[in-house]
Amino acid sequence: MSTPTVNDLAELREHLTRPDGTTVLALPGDPGYAVATPWNVAKTVTPQAVVLAETAEDISRTVAFATDQGLRVAVQCTGHGATGLTAQDVEKADVLLVHTGRMNDVQIDPQTRTARLGAGVIWQQVIEAAAPYGLAPIVGSAPGVGAVGFLTGGGIGPLSRTYGLASDLVRAFELVTGNGELRRVTATENPELFWGLRGGKATLGIVTAVELELLPLSGFYGGAIYLDAGDAEVTGRVLHAWRAWSLNLPEHANTSIAIFQLPPLPAVPPPLAGRMTVGIRYTSTAPEPEAAELFAPMRALGTPLIDAVGPMPFAAIGAVHADPVDPMPVAEEATLLSELPTEAVDEILRVTGPGSGSVQLVAEIRRLGGVLAKEPEHADAFSHREAGYSFFAAGVLAPEIAAIVKPQAQAMTAALARWSTGGFMPNFSSDLTAAERVSSYDESTRKRLADLADSYDPAGTFRVGQVVRH
Ligand SMILES: Cc1cc2nc3c(=O)[nH]c(=O)nc-3n(C[C@H](O)[C@H](O)[C@H](O)COP(=O)(O)OP(=O)(O)OC[C@H]3O[C@@H](n4cnc5c(N)ncnc54)[C@H](O)[C@@H]3O)c2cc1C
């Protein structure tokens, strides 16, 4: 494929120029191009051009132009799941990046309990817009993540055991497919695309808007307690107790446990900075006395450095995981576990606990199951409902440890291989190679997605980034 030159893109620039002469096409060096810098700044994203899309038509025109010219189109919102895209990489030299950040309109309809989101909306906006009506979306651990990127990967979060995958609540997508056509996608209109968009990431095209059911939920009981993890015996006791406790939780309860090594930065609470700590996260939608009683055994494990578990407004959902907000260079590694026997906890302690030599910022286990494990109302392309737990490690690529972060995290998932399902959630697959990414889907889902991509994008315009193709 040929690399487009500034001249080749003149026609596209014309399509993307407003009556007042301003354009939403940014070439390297133009103001606006830098918006492509992703949240995960370890990923280099330097495409041939960035389209700062403001409307679905901007996206349609870009895709139609690219298909006509034999170029490819990738999509990015916040860059929390950026896969890396550089014009220096010959394989990726012909890529235009659609950036959706300007399509950030949120509309709430309290009567139908639905939200309509533009492709550039982040969860925090939806949380804030829905809260005055006592409504809430199902979100992940970090409200700064893009809603559409999250939903196209299924989306698990602090309430998944209670309400299922976030994408189970999608009622409609608007989607630009490979020929530039804008289609409405629901359970009854283009149902095969409705199946594939809930799990298939950008394989089938670029989503321009989503309609989403909201939950009548204004608050929850939960948060996190943090304990010192300096002592191996104490940390072992905590992890094993959490394992046994988390095994048979009711569906109204959700939990994860994480070993942290947080740096002494202003954003980090002083009791947690510069030491190894263990955080037990919890949410419950049960009435406060019942929810508090269920969590009591975790509270009894020791004197916490911080106890921030209690009745919370839904707007505080981000505090449960307290994920980093500011952009940073990170490497991630994840695996799904079918079960978590005591031997698996011993392995986790050996590779991530006190004395392990771990340099990871966080190593966490989330309890899955509950409603998440049940078949959704409409079948989808998410293949991992049966997993009982997820393991995730993330490290900051600071110069002094950059070389060991990723191999060490890989050694951690290798240590858990005996209990792994062998699969990866699409939302935690951005750091994988194309060959590894195959495991984001079971074989029949992968084939069906690739077949659909062949029929809706025969020119291969979207054959870049986190997509599934033959
Ligand atoms: C700190 C942190 C916490 C996270 N927590 C969770 C969590 O709790 N649960 C969870 O499930 N995931 C979680 N993730 C993963 C996150 O959901 C994915 O990385 C998601 O893809 C991010 O979407 P984005 O738009 O913000 O990122 P981007 O990097 O902008 O997009 C990532 C990918 O999403 C797809 N995509 C984005 N926009 C569109 C579109 N308009 N049309 C079609 N496809 C699109 C594309 O494949 C794109 O490459 C977390 C990630 C981070 C960094």
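Both counts, for ligands and for their atoms, begin at 1 and track the order of listing.
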Query raised in the report: Which of the atoms in ligand 1, numbered in the order shown and given with their element, are less than 4.0 Å from a heavy-atom of Ala142?
Result: 3 (C)
Query raised in the report: In terms of residue, atom name and distance, what is the protein heavy atom nearest to atom 8 (O) of ligand 1?
Result: Ser141 N, 2.8 Å
Query raised in the report: What's the shortest distance from atom 13 (C) of ligand 1 to any protein heavy atom, and which residue and atom give it?
Result: Phe428 CZ, 3.6 Å
Query raised in the report: Is any N or O atom of Gln76, backbone or side chain, closer than 3.5 Å to an N or O atom of ligand 1?
Result: no
Query raised in the report: What's the shortest distance from atom 28 (P) of ligand 1 to any protein heavy atom, and which residue and atom give it?
Result: Gly79 N, 3.4 Å
Query - Distance from atom 40 (C) of ligand 1 to nearest protein heavy atom, with residue and atom - result: Val148 CG1, 3.5 Å
Requested in this report: Check whether any heavy atom of Arg366 sits under 4.0 Å from an atom of ligand 1.
Outcome: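 Heavy atoms of Arg366 do come under 4.0 Å of ligand 1.
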Query raised in the report: Does atom CD of Glu57 have more than 12 heavy-atom neighbours, drawn from other residues, nucleotides or ligands, at distances under 6.0 Å?
Result: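 Result for CD/Glu57: open.
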Report task. Please verify whether a non-hydrogen atom of Ser430 lies at under 4.0 Å from ligand 1. Result -> no
Requested in this report: Distance to 0.1 Å, residue and atom name: give those for the protein heavy atom nearest to atom 10 (C) of ligand 1.
Outcome: Phe150 CE1, 3.2 Å
Query raised in the report: Going by atom types alone, do Asn254 and Ser284 pair a side-chain donor with an acceptor below 3.5 Å?
Result: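 No donor-acceptor contact under 3.5 Å links the two side chains.
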Report task. Could you list which atoms of ligand 1 come closer than 4.0 Å to a heavy atom of Gly155? Result -> 11 (O)
Query raised in the report: What residue and atom, counting heavy atoms only, is the protein's closest point to atom 19 (O) of ligand 1, and at what distance?
Result: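 So the nearest neighbour among protein heavy atoms is Gly81 CA, 3.2 Å.
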Report task. Determine, for Phe65 and Arg61, whether the Lys NZ or Arg CZ falls below 6.0 Å from the six-membered ring centre while staying within 45 degrees of the axis. Result -> no
**Report entry** Flag for Gln360-Gln408: side-chain donor and acceptor within less than 3.5 Å
**Finding:**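 Yes, side-chain donor-acceptor contact under 3.5 Å.
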Report task. Enter the distance from Leu214:CG to Ile127:CD1 here, rounded to the nearest 0.5 Å. Result -> 11.0 Å
Query raised in the report: Got a salt bridge between Arg183 and Glu189, using NZ or NE/NH1/NH2 to carboxylate O under 4.0 Å?
Result: no
**Report entry** Option whose closest heavy atom lies nearest to atom 45 (C) of ligand 1, chosen from Val330, Val75, Asn427
**Finding:** Val75
Query raised in the report: Among Lys201, His80, Glu364, which one has a heavy atom closest to atom 21 (O) of ligand 1?
Result: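 When every heavy atom of Lys201, His80, Glu364 is considered, Lys201 comes closest to atom 21 (O) of ligand 1.
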Report summary line: shortest atom 42 (N) of ligand 1-to-protein heavy-atom contact is with Val207 N, 2.9 Å
Query raised in the report: Which atoms of ligand 1 have any heavy atom of Ile156 under 4.0 Å away?
Result: 7 (C), 8 (O), 9 (N), 10 (C), 11 (O)
Requested in this report: Check whether any N or O atom of Cys77, backbone or side chain, sits under 3.5 Å from an N or O atom of ligand 1, and answer yes or no.
Outcome: yes
Report task. Check the pair Ser420 / Thr335 against side chain to side chain donor-acceptor pair (under 3.5 Å), numbers first and verdict last. Result -> CA-CA 7 Å; Ser420 171; Thr335 190; 2.9 Å; yes
Query raised in the report: Among pairs that include at least one residue of residues 264-280, which meet side-chain hydrogen bond (donor to acceptor under 3.5 Å, both in side chains), considering only residues two or more places apart or in two chains?
Result: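 Sorted result for residues 264-280: Asp228-Arg275.
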Report task. May I ask you to identify the nearest protein heavy atom to atom 26 (O) of ligand 1, giving residue, atom name and distance to one decimal place in Å? Result -> Thr78 OG1, 2.4 Å
Query raised in the report: Below 3.5 angstrom, do we get any N/O pair linking Val145 and ligand 1?
Result: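 By distance alone, the answer is no.
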Query raised in the report: Evaluating non-hydrogen atoms only, which member of Pro426, Ala202, Pro158, Pro38 is closest to atom 47 (O) of ligand 1?
Result: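 Answer by nearest heavy atom: Ala202.
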Requested in this report: Answer with yes or no whether the side chains of Thr67 and Thr461 bring together a donor and an acceptor at under 3.5 Å.
Outcome: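 On atom types as modelled, these side chains qualify, holding a pair under 3.5 Å.
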Query - Gly205, Gly149, Gly153, Ala82: member with heavy atom nearest to atom 43 (C) of ligand 1 - result: Gly205
Query raised in the report: Is there a donor in the side chain of Asp323 and an acceptor in the side chain of Ser141, or the other way round, less than 3.5 Å apart?
Result: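 Side chains of Asp323 and Ser141: pair found under 3.5 Å.
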Query raised in the report: Any chance the side chains of Ser429 and Ser440 put a donor and an acceptor closer than 3.5 Å?
Result: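 Looking only at side-chain atoms, Ser440 and Ser429 do form a donor-acceptor pair, the distance falling under 3.5 Å.
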Query raised in the report: If you measure only the distance, is there a donor-acceptor pair under 3.5 Å linking the side chains of Ser256 and Arg367?
Result: no
